[in-house]
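Beneath this line is the structure, given in structure tokens, with notes to follow.
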Number of protein chains: 2
Amino acid sequence: MDPQHLRTFVAVVDHRSFSAAAQALGYTQSAVSQHIASLETDLETPLLTRRPVAPTQAGERLLEHARPLLLRLDAARADIARLRQVRPGRLALACTPGALTPATALALVRARTAAPQLAASMRVCGSTEAIRAVLTGAADLALVDGAVAPSDPLALPDAGSLPAFPVSEEPLAVLLPATHPLAGRPVLRLADLAAARWIDAPDAAVPLAQLRAAARSDGFGHQLTYAGTDIRGLSVLVAAGAGLTTAALPAAEDLPGIAAVPITEPRVVHRTELLHPRTPTTLAAELVDTLRPAQ
Amino acid sequence: MDPQHLRTFVAVVDHRSFSAAAQALGYTQSAVSQHIASLETDLETPLLTRRPVAPTQAGERLLEHARPLLLRLDAARADIARLRQVRPGRLALACTPGALTPATALALVRARTAAPQLAASMRVCGSTEAIRAVLTGAADLALVDGAVAPSDPLALPDAGSLPAFPVSEEPLAVLLPATHPLAGRPVLRLADLAAARWIDAPDAAVPLAQLRAAARSDGFGHQLTYAGTDIRGLSVLVAAGAGLTTAALPAAEDLPGIAAVPITEPRVVHRTELLHPRTPTTLAAELVDTLRPAQ
DNA sequence: TCCCCTTACGATCGGCGTAATGATA
DNA sequence: TATCATTACGCCGATCGTAAGGGGA
């Protein structure tokens, strides 16, 4: 089970084609075929069906291991590289949309004025991608948000080795169309909304799985999936009646056509956490110190 | 970063010697040296000091990645192997000492009588080892205990891919010498005990880290570490005044020289969970079904 | 017939062991 | 000087690319 073979396997599944994966990886078709054959011989089971190219049951299972495995391998390499040389003149931030608030923006601006020569960058993406960016060294810090019980840590996938600390906690609010029957309520209970129609926007809003966990419910079904990271676009969909979503209460106020109603039951908050590598760059460490007292 | 090289690296650190690691792995000294050299060239940093052989800072960091990485690699292989052939005639159970209660023992006996030809085995060990056993296929099921807030899941290391469900929850009790000033109390608060002297028995009792997490305290210091898995031996130490420990209340009653006092604050329970592979053997699946309604 | 995966085959590279060398207490 | 890690070197196996083969739409 050579990691390189696993990488090829993942690429083949993603591209649904041996030849496309070969091109993407800079191999010949033949090499890719040999990689897969090597894995299948080693594990003594077929991993892919051909025509069409798709993972078998065993292949699916292997994928579930291979992706985190390869991520961790890249993380290990990046971790050692960071330990070897600390680049001071850079600050690359990965940020989920819900974590980009006036407070965090201000902290970044303050860090910039403190170090004017600093080349700063910010990338807005889903939490998985943000965590991956920090793990692999593509980003120096990540700001990630989610919904949890008060003062509980966020349950972040594959972020095991990353230190995290809370930056802020605000009330969690449901976003409803202003015309919605429940829009006038001062507060709402999550359980009352489990049967509603939701929008699944894993990269832009709180993932529905976190709501289910908070409400200990199987509800929160969805018919529409929103793949972007643009909260405003999401709010337009909500206003049009495509479904509900959640956000931090302060961020959700003043959205046109939207009523934001805080959730009181169960006790749940919108929480933002800052993740940083074990060996942050000096500028990243400064920003960490800037934000830490905000807790 | 060949996994085989990582495996060698871990072995060298564990043996504190190239030659001993070579012998353990069935390589020559030379091959081990080349593995380490390959890693150090690849990562462009020394990973080990020689004479004495010890990990450098970068080596320590690599270790933190390498061990879970290799475990997951073994887990992936075992997972696929289980998918390929289900061995019905075996039931290997890995169990932490605190999870071995009359109820779980009865369930095992019942499963045995239902399938008399069954070769059953049980291994008592720490939770990390129990999880590793299930992940690598050495065991078919694991029973693991710990202390958490009521109805919270156990936070188990590296068990990400293993389904788990609760088998029982009982009050958590402190074990005190019968002569202890607090022994007569009907109940105790965990915070009152943070400053006491504890025994760190990670493989036999609730790890102190879990108590710190439950009490949100930095206390629970220890001077004595107990490396075994024998709860009776641990209770003898407690009775002798070596320090305190915890256990499920029912299990802790009637220990000679011991007073078991339930903890009421913060809300915390002793919880036992059953972990099983995604593809359990038929007998393991039966036992899973037997225990599941016990929830 | 075309597309795409598989197999055959030769060249190259990497990894292992043996054995010589080097360093350290 | 004894012990242990490193280096030199030759052999073997693994992997790559080129190219021929095969099977489904």
Side-chain angles (χ1 to χ4, degrees), chain A residues 1-60 62-63 66 69-70 73-74 76-77 80, chain B residues 1-60 62-63 66 69-70 73-74 76-77 80:
Chain A
M1 269 212 291
D2 186 324
Q4 204 51 248
H5 295 177
L6 290 177
R7 202 154 253 142
T8 302
F9 173 65
V10 170
V12 167
V13 172
D14 287 345
H15 287 87
R16 291 181 163 72
S17 153
F18 283 51
S19 31
Q23 193 156 20
L25 296 169
Y27 285 120
T28 58
Q29 216 181 68
S30 161
V32 169
S33 191
Q34 289 173 58
H35 284 188
I36 303 301
S38 161
L39 283 176
E40 292 185 327
T41 305
D42 182 15
L43 298 173
E44 298 176 76
T45 194
L47 299 169
L48 293 168
T49 63
R50 285 83 206 235
R51 333 175 162 271
V53 171
T56 62
Q57 192 186 4
E60 294 278 8
L62 183 60
L63 266 186
L69 209 63
L70 295 172
L73 207 59
D74 294 341
R77 165 163 275 118
I80 304 287
Chain B
M1 273 215 288
D2 186 324
Q4 204 52 248
H5 296 176
L6 290 177
R7 203 154 253 142
T8 301
F9 174 65
V10 170
V12 167
V13 172
D14 287 345
H15 288 88
R16 290 181 166 70
S17 153
F18 282 53
S19 32
Q23 193 156 21
L25 295 169
Y27 284 120
T28 60
Q29 220 178 63
S30 161
V32 169
S33 191
Q34 291 174 56
H35 284 187
I36 304 300
S38 160
L39 283 176
E40 293 185 328
T41 305
D42 182 15
L43 298 173
E44 299 177 74
T45 195
L47 298 169
L48 294 168
T49 63
R50 283 82 205 232
R51 304 175 183 279
V53 172
T56 63
Q57 192 186 3
E60 294 277 10
L62 183 60
L63 266 186
L69 210 61
L70 294 172
L73 208 58
D74 294 340
R77 165 164 274 116
I80 304 287

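Each chain gets a letter, A, B and so on, in the order its sequence line appears, and its residues count up from 1. Reckoned from all heavy atoms, side chains included, excluding hydrogens, waters and symmetry mates.
Put simply, CD on Glu40(B) is 12 Å from C1' on dT6(D), counting in whole angstrom units. The nearest whole Å value for the distance from the CG atom in Leu25(B) to the C1' atom in dC16(C) is 14 Å. Rounded to an integer number of Å, the gap from Ile36(A) CD1 to dT6(C) C1' is 13 Å. Put simply, NE2 on His5(A) is 11 Å from P on dA14(D), counting in whole angstrom units. Look at CG on Leu48(B): it is 16 Å from P on dC4(D), rounded to the nearest Å. Put simply, CZ on Arg16(A) is 14 Å from P on dC5(C), counting in whole angstrom units. Protein atom NE2 of His35(B) is 16 Å distant from nucleotide atom C1' of dT7(D), rounded to whole Å. To the nearest angstrom, C1' of dG14(C) lies 15 Å from CG of Leu39(B).
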Side-chain donor/acceptor pairs under 3.5 Å, residues 44-53 of chain A, sequence neighbours excluded:
| residue | atom | partner | partner atom | Å |
| --- | --- | --- | --- | --- |
| Thr49(A) | OG1 | Pro52(A) | O | 3.0 |
| Thr49(A) | OG1 | Ala54(A) | N | 3.4 |
| Thr49(A) | OG1 | Ala54(A) | O | 3.2 |
| Arg50(A) | NH2 | Glu40(A) | OE1 | 3.2 |
| Arg50(A) | NH2 | Glu40(A) | OE2 | 3.2 |

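For the helix from dT1(C)-dA25(D) to dA25(C)-dT1(D), the axis fitted to the five pairs at one end and the axis fitted to the five pairs at the other end meet at an angle of 30° (nearest 10 degrees).
For the residue pair Ala11(A) and Leu25(A), the shortest heavy atom distance occurs at CB-CD1, 3.8 Å.
Atom-to-atom distance recorded for Asp2(B):CG and Asp2(A):CG is 6.5 Å, nearest 0.5 angstrom. Rounded to the nearest 0.5 Å, atoms CG (Leu69(A)) and CG (Leu63(A)) are 12.0 Å apart. A distance of 4.0 Å separates OH in Tyr27(A) from CD in Gln4(A), rounded to the nearest 0.5 Å.
Between Ser33(B) and dT6(D) there is a side-chain polar atom (N or O) within less than 4.0 angstrom of OP1 or OP2. Within the 4.0 Å cut-off from OP1 or OP2 of dT15(D), not a single side-chain nitrogen or oxygen of Ser38(A) is found. Contact between the side-chain N/O atoms of Tyr27(B) and the OP1/OP2 oxygens of dC16(C) is found at a separation under 4.0 Å.
A donor-acceptor pair shorter than 3.5 Å cannot be found between the side chains of Ser30(A) and Thr28(A).
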Scan nucleotides 18-25 of chain D nucleotide by nucleotide, 5' to 3', and note B when protein non-hydrogen atoms come under 4.0 Å of the base, S if they reach only the sugar-phosphate, - if neither.
BB---BS-
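When heavy atoms are screened at a 4.0 angstrom cut-off, Val53(A) is found touching the sugar-phosphate backbone but no base atom.
Legend: residues meeting side chain to side chain donor-acceptor pair (under 3.5 Å) with Asp14(A), ordered by chain and number and at least two apart, are Arg67(A). In this view, Asp42(A) and Arg77(B) satisfy the salt bridge (charged side-chain N to carboxylate O under 4.0 Å, His left out) rule, not counting sequence neighbours.
Screening residues 5-24 of chain A for ring-ring contact (aromatic ring centres under 6.0 Å, His included), with sequence neighbours left out, gives His5(A)-His35(A).
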